[in-house]
Amino acid sequence: MESFFEKVYRVVRTIPRGKVATYGQVARLVGRPHAARMVGWAMSASSPARPVPWHRVVGAGGRLVISKAVQYFQIQKGLLRQEGVEFRGDRVIMSQFQWERGLRKASRRCSKKANA
DNA sequence: ATAATGACGTCTC
DNA sequence: AGAGACGCCATTA
């Protein structure tokens, strides 16, 4: 059986060069809208042995979730710029570089107080 | 089976 | 705009 990680990797591998997707976006594509954290975890779990373009996965709004203190922050930014992705400050210009696939009306609930 | 963890997302202050 | 709090969930110990 294909594990959750495998599905995530498979989706991430389909992200075209020069485009980026958000963790939540990938989560939706693998059928787990609320497992964005797992997607990120899958990325961290991916090793050089696993051919996954992890750098094309960014946080919501084009934010690079990885701490700036960590070297990976620069690595990811560098790799993306290398592919033609532009930044506005420390954020990817999503309006131009977000992967179109998986985009939806985004039923935003998640509101804990929505029930109140 | 329970508890802890983590490269997220959204709301509030 | 930046920081804190809570929710969600698969994988591990």
Side-chain angles (χ1 to χ4, degrees):
Chain A
M1 154 110 183
E2 187 178 49
S3 70
F4 180 81
F5 278 24
E6 293 302 322
K7 288 183 182 174
V8 172
Y9 294 145
R10 192 174 48 176
V11 171
V12 173
R13 272 192 288 259
T14 66
I15 300 176
R17 187 168 175 286
K19 287 285 183 177
V20 300
T22 67
Y23 294 95
Q25 201 179 330
V26 174
R28 280 204 307 268
L29 290 172
V30 298
R32 292 274 112 62
H34 292 141
R37 308 186 72 165
M38 312 302 19
V39 175
W41 195 8
M43 293 298 97
S44 69
S46 74
S47 61
R50 202 146 300 229
V52 180
W54 57 270
H55 56 277
R56 296 192 194 138
V57 186
V58 301
R63 260 172 39 221
L64 298 192
V65 177
I66 309 176
S67 173
K68 286 198 220 163
V70 181
Q71 186 178 32
Y72 277 120
F73 177 86
Q74 293 301 332
I75 295 178
Q76 177 170 31
K77 192 169 179 179
L79 286 171
L80 289 175
R81 298 192 68 173
Q82 219 178 103
E83 299 187 345
V85 176
E86 292 172 37
F87 286 77
R88 186 178 56 192
D90 283 335
R91 298 191 180 198
V92 172
I93 302 176
M94 296 306 268
S95 54
Q96 291 179 49
F97 300 99
Q98 176 168 36
W99 188 30
E100 309 78 7
R101 185 152 181 220
L103 286 179
R104 242 187 253 180
K105 291 324 161 94
S107 45
R108 51 176 64 199
R109 52 289 225 271
C110 188
S111 229
K112 61 194 171 208
K113 61 173 81 69
N115 107 43

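This structure is a prediction, so every number in the text was calculated from the model and none was measured.
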Would a 4.5 Å heavy-atom cut-off, applied to side chains only, mark A/Thr14 and A/Trp99 as touching?
yes
Any donor-acceptor pair under 3.5 Å linking the side chain of A/Lys77 with the backbone of A/Arg91?
no
Atom OH of A/Tyr72 with >12 non-hydrogen neighbours under 6.0 angstrom:
no
Go through the structure and list residues passing salt bridge (Lys or Arg N to Asp or Glu O under 4.0 Å) with A/Lys7, not counting sequence neighbours.
none
Please list every donor-acceptor pair under 3.5 Å in which a side-chain atom of residues 52-64 of chain A meets a protein atom from a residue at least two apart or in another chain.
{"from": "A/His55", "atom 1": "NE2", "to": "A/Glu83", "atom 2": "OE2", "distance (Å)": "3.1"}
{"from": "A/Arg56", "atom 1": "NE", "to": "A/Glu83", "atom 2": "OE1", "distance (Å)": "3.0"}
{"from": "A/Arg56", "atom 1": "NE", "to": "A/Glu83", "atom 2": "OE2", "distance (Å)": "3.2"}
{"from": "A/Arg56", "atom 1": "NH1", "to": "A/Ile15", "atom 2": "O", "distance (Å)": "2.7"}
{"from": "A/Arg56", "atom 1": "NH2", "to": "A/Glu83", "atom 2": "OE2", "distance (Å)": "2.9"}

Hey, could you give me each pair passing ring pair (Phe, Tyr, Trp, His ring centres under 6.0 Å) that has a residue in residues 75-98 of chain A? Not counting sequence neighbours.
none
Side chain of A/Ala60, heavy atoms from C-beta onward: which of B/dT10, C/dC8, B/dA7 has the nearest atom to it?
B/dT10
B/dA7 C1' sits how many Å from A/Arg56 CZ, rounded?
17 Å
Within this structure, what is the CZ-to-P distance between A/Arg63 and B/dG9, rounded to whole angstrom?
7 Å
Using whole Å, report how far NE2 of A/His34 lies from C1' of C/dC6.
13 Å
Scan residues 13-24 of chain A against DNA chain B and write down, sorted by residue number, each residue with any heavy atom closer than 4.0 Å; if none is found, say none.
A/Thr22, A/Tyr23, A/Gly24
Starting from C1' on B/dC8, measure out to CG on A/Leu29 and report it in whole angstrom.
15 Å
Audit row: A/Met38, A/Val30, side-chain contact (heavy atoms from CB on, under 4.5 Å) steps and yes/no
CA-CA 11 Å; A/Met38 312 302 19; A/Val30 298; over 6 Å; no
If each of A/Arg91 and A/Arg37 is mapped to the nucleotide of DNA chain C with the nearest heavy atom, which maps nearer the 5' terminus, i.e. the 5' end?
A/Arg91
Can you name the salt bridge (Lys or Arg N to Asp or Glu O under 4.0 Å) partners of A/Arg10, sequence neighbours left out?
A/Glu2
Between the protein and nucleotides 10-12 of chain C, which nitrogen or oxygen pairs are less than 3.5 angstrom apart?
{"from": "C/dT11", "atom 1": "OP1", "to": "A/Phe4", "atom 2": "N", "distance (Å)": "3.3"}

Rounded to whole Å, please give me the gap between CG in A/Leu64 and P in B/dG9.
12 Å
